[in-house]
Amino acid sequence: MFALIDCHNFFVSCERVFRPDLENKPVMVLSSNDGCVIARSNEVKNLGIPMGVPVFKIRHLIKEHNIQLFSSNFLLYGNLSTRVMSVLQTFVPNMEIYSVDEAFLDCRGLKEDLENFSGRIQSTVKQWTGIPVGVGIAPTKTLAKVATYFVKKRKFDTCVLRSSNDIEDALSQTPIEEVWGVGRKGSQKLKTLGIYTALDLKRVDPRWMRKTFSVTGERLVRELQGVSCLPLEAEGEDKKSLQVTRSFGRPITQFSELKEAVLTYTCRLAEKLRQNQQKAQMLSLYIRTSFFKEDYLCRSGVISLGQGANDTPSLVKAAAQILEKIFVPNCPYQKAGLTAIDLTSRNSVGMGKPLQSSLFEKGGEFAQRAQTKKNEQLSDALDVIHRRFGSQSLVIGGCGLTSDWKVQCNMRSPAYTTNWNELLCVGGDNIARVSIK
DNA sequence: TCTGGGGTCCTAGGACCC
DNA sequence: TCTGGGGTCCTAGGACCC
């Protein structure tokens with residue numbers, strides 16, 4: 001049996017941990033640039049506000065219902081996520097962190113009654129972290145997903161699907177578009193084939209499904225039939241790609257400004273690579289205008305980083321080269337994104353596979369190695385300085401200093417758990433109502 | 001006026017190998 | 001006249017997830 005633990009309205013719940021006065025009030029968290037709704041409290045869901053809707057379309061509802069807004073504060077959410085996961089780790093030997101707000105637990109060998117077990121998880125996480133969670137338990141991961149769908153819909157705390165009667169009953173009440181792995185396109189196609197519920201899908205021939213929807217479709221059907229095809233993923237797998245993509249606070253037309261933005265994102269990407277102890281062998285960059293405007297334009301390019309790099313100077317140089325190549329003048333760019341691909345594994349010798357050196361390396365092998373070493377030392381120093389004095393304390397020249405193209409986030413909550421200067425104050429002018437149970 | 005960010009997996013088709 | 005069979009690797013694009 002698999003247990004899926006799913007945090008309720010996670011980002012909103014994180015904000016409420018430090019703002020208990022917002023309990024039972026409508027609260028939303030917005031995407032970067034305060035553009036779209038990415039998390040809603042139950043009160044907001046009850047108003048019929050959908051996930052992902054742009055804020056400007058619902059201004060009137062926000063005002064009318066006095067909805068409390070927050071810019072996204074991923075530092076906070078990431079930190080609270082870590083807390084929740086470490087509490088979950090105390091319950092079972094094997095678990096998979098599936099996303100920032102979800103984890104699968106392997107329930108094999110559990111002596112305890114499952115209803116009791118899930119209740120205990122739910123109350124412990126709430127008490128130790130302040131985050132409310134739902135728990136769904138079933139024989140496969142996909143069925144556990146169905147169980148948590150019921151938790152959300154029916155406002156249960158927990159749901160255990162065990163007997164085939166219970167499972168079939170739950171599946172018959174699950175619309176096909178709610179099944180894990182069936183997206184918008186898939187559900188449209190399935191409906192034209194007469195498959196409307198999860199139960200309908202469970203009853204199709206897996207071999208037919210493979211022909212029509214590839215191996216992924218076949219696995220899905222088998223999972224619904226109770227045959228586990230998706231094992232718990234091992235922990236600490238290396239990432240296969242890393243990205244930094246951002247929309248700008250306003251459209252950018254000038255090359256010089258676009259370059260500042262791209263190089264700023266590149267520095268961040270290099271930092272992420274170093275944090276992960278990985279190197280990239282390829283770097284790709286795209287720049288694009290707004291989807292919603294006429295003459296939509298998207299340009300992209302890829303460049304090789306030779307044997308793999310994660311030092312800031314190498315990546316910055318590569319990104320600038322791509323940008324020169326793909327830039328088209330007089331376009332209102334709205335977004336840029338970088339992706340590091342072909343990442344070397346964390347555990348391989350000397351960080352990165354022991355690759356052959358390139359036959360066509362310029363400047364001779366020794367000069368090249370010396371330069372790489374310098375760049376890596378510089379990057380390490382940069383990391384140390386950023387940790388100590390903040391990420392803005394020292395930047396490379398190409399990133400610019402004014403950068404008024406930066407994303408808007410005017411309603412961000414404090415970094416309550418990661419910055420000494422932003423700890424929650426109790427008493428004084430700014431009294432927070434914290435109830436300690 | 002105003003529309004997120006970061007990932008994974010799968011397939012098809014082409015180039016290439018013996 | 002007539003031209004095989006069995007592979008791997010790479011890339012682009014699509015779909016899906018949170």
Side-chain angles (χ1 to χ4, degrees), chain A residues 4-11 28-39 50-60 62 69-75 77-78 81 96-104 141-142 145 148-149 152 176-190 209-220 229-230 233 237-251 265 268-269 272-273 276 278 281-282 284 286 288-293 296 298 300-302 304 332 334-343 407-410:
Chain A
L4 173 60
I5 287 71
D6 186 313
C7 301
H8 290 314
N9 313 331
F10 184 54
F11 297 166
M28 296 196 300
V29 176
L30 309 180
S31 63
S32 95
N33 254 337
D34 297 335
C36 291
V37 176
I38 56 167
M51 183 70 164
V53 71
V55 174
F56 73 87
K57 286 190 178 171
I58 51 163
R59 286 267 179 234
H60 58 290
I62 293 169
L69 303 181
F70 287 94
S71 302
S72 37
N73 185 348
F74 287 108
L75 203 58
Y77 311 149
S81 170
E96 171 191 342
I97 297 174
Y98 175 65
S99 72
V100 71
D101 69 333
E102 282 173 86
F104 287 103
K141 282 171 139 185
T142 307
K145 274 277 187 183
T148 53
Y149 169 73
K152 284 179 207 168
I176 193 69
E177 61 270 20
E178 297 293 341
V179 176
W180 190 38
V182 178
R184 206 162 37 103
K185 298 266 173 171
S187 61
Q188 275 170 10
K189 190 170 168 189
L190 285 165
M209 196 63 187
R210 189 184 189 113
K211 277 188 205 137
T212 323
F213 286 88
S214 90
V215 63
T216 329
E218 181 185 357
R219 273 201 289 257
L220 187 54
C229 306
L230 304 168
E233 302 269 330
E237 289 277 296
D238 284 330
K239 291 236 198 261
K240 293 170 182 166
S241 67
L242 273 176
Q243 321 185 29
V244 174
T245 69
R246 294 272 182 289
S247 298
F248 310 131
R250 58 167 173 78
Y265 301 171
R268 177 74 196 111
L269 183 64
K272 279 169 87 168
L273 280 167
N276 273 19
Q278 288 182 290
Q281 290 175 258
M282 302 280 272
S284 91
Y286 72 83
R288 66 167 177 81
T289 61
S290 170
F291 283 134
F292 305 95
K293 297 271 161 60
Y296 169 69
C298 182
S300 65
V302 190
S304 165
Q334 186 244 343
K335 182 171 179 174
L338 289 125
T339 309
I341 28 191
D342 284 349
L343 303 190
V407 292
Q408 305 291 310
C409 49
N410 303 317

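Naming convention: chains lettered A, B, ... in sequence-line order (proteins, then strands); numbering from 1 in each chain.
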Partners passing ring pair (Phe, Tyr, Trp, His ring centres under 6.0 Å) against [X] (at least two apart in sequence or in another chain):
{"X": "Tyr77(A)", "value": "Phe11(A), Phe74(A)"}
{"X": "Tyr98(A)", "value": "Phe104(A), Trp180(A)"}
{"X": "Phe291(A)", "value": "Tyr296(A)"}

Is there a side-chain contact between [X] and [Y] (heavy atoms, below 4.5 Å)?
{"X": "Arg184(A)", "Y": "Glu177(A)", "result": "no"}
{"X": "Lys185(A)", "Y": "Leu190(A)", "result": "no"}
{"X": "Thr339(A)", "Y": "Leu269(A)", "result": "no"}
{"X": "Ile38(A)", "Y": "Ser31(A)", "result": "yes"}

Note: Lys145(A)-Glu102(A) ion pair, threshold 4.0 Å (strictly below) =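 Result for this pair is yes, salt bridge flagged.
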Side-chain donor-acceptor contact under 3.5 Å, Asp6(A) with Thr148(A) |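 Not at all, the side chains of Asp6(A) and Thr148(A) share no donor-acceptor pair under 3.5 Å.
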Out of curiosity, Asp342(A) CG to Gln278(A) CD, how far, rounded to the nearest 0.5 Å?
->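 Between atom CG of Asp342(A) and atom CD of Gln278(A) there are 11.5 Å.
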Answer yes or no: does a side-chain N or O of Arg219(A) lie under 4.0 Å from OP1 or OP2 of dC9(B)?
->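 It does not, given that no N or O in the side chain of Arg219(A) lies less than 4.0 Å from OP1 or OP2 of dC9(B).
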Per-nt protein contacts along nucleotides 12-18 of chain C (heavy atom under 4.0 Å; B base, S backbone sugar-phosphate only, - none) come out as ---SSSS
Footprint string (nucleotides 1-7 of chain B, 5' to 3'): B base within contact, S backbone only, - free, heavy atoms under 4.0 Å | -BBSSSB
For Arg250(A), report the nucleic acid contact type (base, sugar-phosphate, nothing); a contact means any heavy atom under 4.0 Å.
->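 It contacts nothing in the nucleic acid.
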For DNA chain B, what dot-bracket results from Watson-Crick or G-U pairs at under 3.5 Å, with [ ] for crossers and | for inter-strand partners?
-> ....||||||||||||||
